[in-house]
Number of protein chains: 2
Amino acid sequence: MTRNIKIKVARVQLDMTQKDLALAVGVSRQTINAIEQGEYNPTIKLCRAICKVLGKSLDELFWEEENEDER
Amino acid sequence: MTRNIKIKVARVQLDMTQKDLALAVGVSRQTINAIEQGEYNPTIKLCRAICKVLGKSLDELFWEEENEDER
DNA sequence: AATTAATGTCGTATATACTTGACATAATGT
DNA sequence: ACATTATGTCAAGTATATACGACATTAATT
């Protein structure tokens with residue numbers, strides 16, 4: 001899977017740590033870390049929560065052109 | 001969870017059945033049905049695949065204003 | 001240089017997304 | 001009316017998103 005640098009950038013722009021973001025959206029810090037590392041594939045509900053906290057749209061944070069690998 | 005009528009509308013505009021869409025994105029028909037019924041919470045990868053097939057953006061098909069229920 | 005905070009990563013466990021097969025009903029076509 | 005197609009739903013299984021605890025490393029503070 002491919003790293004999501006966009007989340008990291010948006011997070012740092014708000015001066016939030018992974019822990020802060022995790023707390024704000026109600027998941028564990030490891031989950032945020034794994035998403036930024038591209039180690040998994042969050043659910044749309046979590047994506048929406050992250051967008052709301054970071055003040056970005058789904059398209060801004062989670063759209064990707066390439067990579068029609070598996071599901 | 002809340003029903004996703006937007007997918008259904010976009011799908012019907014392209015004259016696709018649930019089966020057609022399932023095939024095009026590589027999941028089972030029941031998965032598409034469950035998503036339209038709002039029975040679960042797809043992964044972002046599947047959302048992207050659906051968007052690409054239906055020619056819509058994430059924001060168009062998967063944004064929701066309300067419902068900060070759980071996660 | 002030493003402490004503390006932030007991040008990356010691993011292992012084990014749990015919840016749930018997704019599969020497959022099956023069947024019932026609704027809608028569409030002949 | 002009958003046949004076919006589309007949809008809804010259930011049960012049992014598999015894959016994986018996420019949790020929690022722990023520890024190592026890197027970056028920031030003092």
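Here is the naming used below: chain letters follow the sequence lines, and residue numbers restart at 1 for every chain. Scope of the values below: all heavy atoms of this structure, side chains included, with no hydrogens, waters or symmetry mates.
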Rounded to whole angstroms, how far apart are CG on A/Asn4 and C1' on C/dG8? 17 Å

Atom CG of A/Leu23 and atom P of D/dT18 are separated, to the nearest Å, by 17 Å

Counting distance only, does the side-chain N/O of B/Asp20 pair as donor-acceptor with the main-chain N or O of B/Thr17 below 3.5 Å? yes

Polar pair under 3.5 Å, donor/acceptor by atom type, side chain B/Glu39, base D/dG8: no

Can you tell me which nucleotide in C/dT9, D/dT18, D/dC10 comes closest to the side chain of B/Gln30? D/dC10

Heavy atoms from C-beta onward define the side chain here; which of D/dG8, C/dT20, D/dT18 lies closest to that of B/Gln37? D/dG8

Check every strand shown and say whether B/Thr31 touches a base, only sugar-phosphate, or nothing at a heavy-atom separation below 4.0 Å. base

Measure from the side-chain N and O atoms of B/Asn4 to the backbone N and O of B/Leu61, and report whether any donor-acceptor pair falls under 3.5 Å. yes

Establish whether A/Ile7 and A/Leu23 are linked, either directly or via other cluster members, by ILVMFWY side-chain heavy-atom contacts under 4.5 Å. no

Report the residues that fulfil side chain to side chain contact (heavy atoms under 4.5 Å, CB included) with A/Gln13, sequence neighbours left out, ordered by chain and then residue number. A/Val9, A/Lys56

Figure out the NZ/P separation between B/Lys45 and D/dT16, and round it to whole Å. 9 Å

Please give, in whole Å, the distance from D/dA17 P to A/Ile50 CD1? 14 Å

Within this structure, what is the OG-CH2 distance for the pair A/Ser57 and A/Trp63, rounded to the nearest 0.5 Å? 11.5 Å

What integer distance in Å separates B/Ile35:CD1 from D/dT9:C1'? 16 Å

Compare all side-chain heavy atoms of B/Glu60 with those of B/Lys6 and state whether any distance is below 4.5 angstrom. no

Starting at atom CG of A/Leu46, determine the distance to atom C1' of C/dA17, rounded to an integer number of angstrom. 14 Å

May I ask you to verify whether the side chain of B/Glu36 and the base of D/dG8 hold a donor-acceptor pair under 3.5 Å? no

Here the distance between atom P of D/dG8 and atom CG of B/Leu21, to the nearest Å, is 13 Å

Could you check whether any side-chain heavy atom of B/Thr31 comes within less than 4.5 Å of a side-chain heavy atom of B/Val25, counting everything from C-beta outward? no

Atom CG of A/Asn33 and atom P of C/dC10 are separated, to the nearest Å, by 11 Å

Pick the closest DNA chain C nucleotide for B/Pro42 and for A/Asp20 by heavy atoms, then say which residue is nearer the 5' end. A/Asp20

If you compare every side-chain N and O of B/Thr43 against the phosphate oxygens of D/dA17 (OP1, OP2), does one of them come in below 4.0 Å? no

Could you say whether B/Arg29 or B/Ile32 is positioned toward the 5' end of DNA chain C, judged by the nucleotide with the nearest heavy atom to each? B/Ile32

For DNA chain C, which residues of residues 6-19 of chain A approach it to below 4.0 angstrom with any heavy atom? A/Lys8, A/Arg11, A/Thr17, A/Gln18

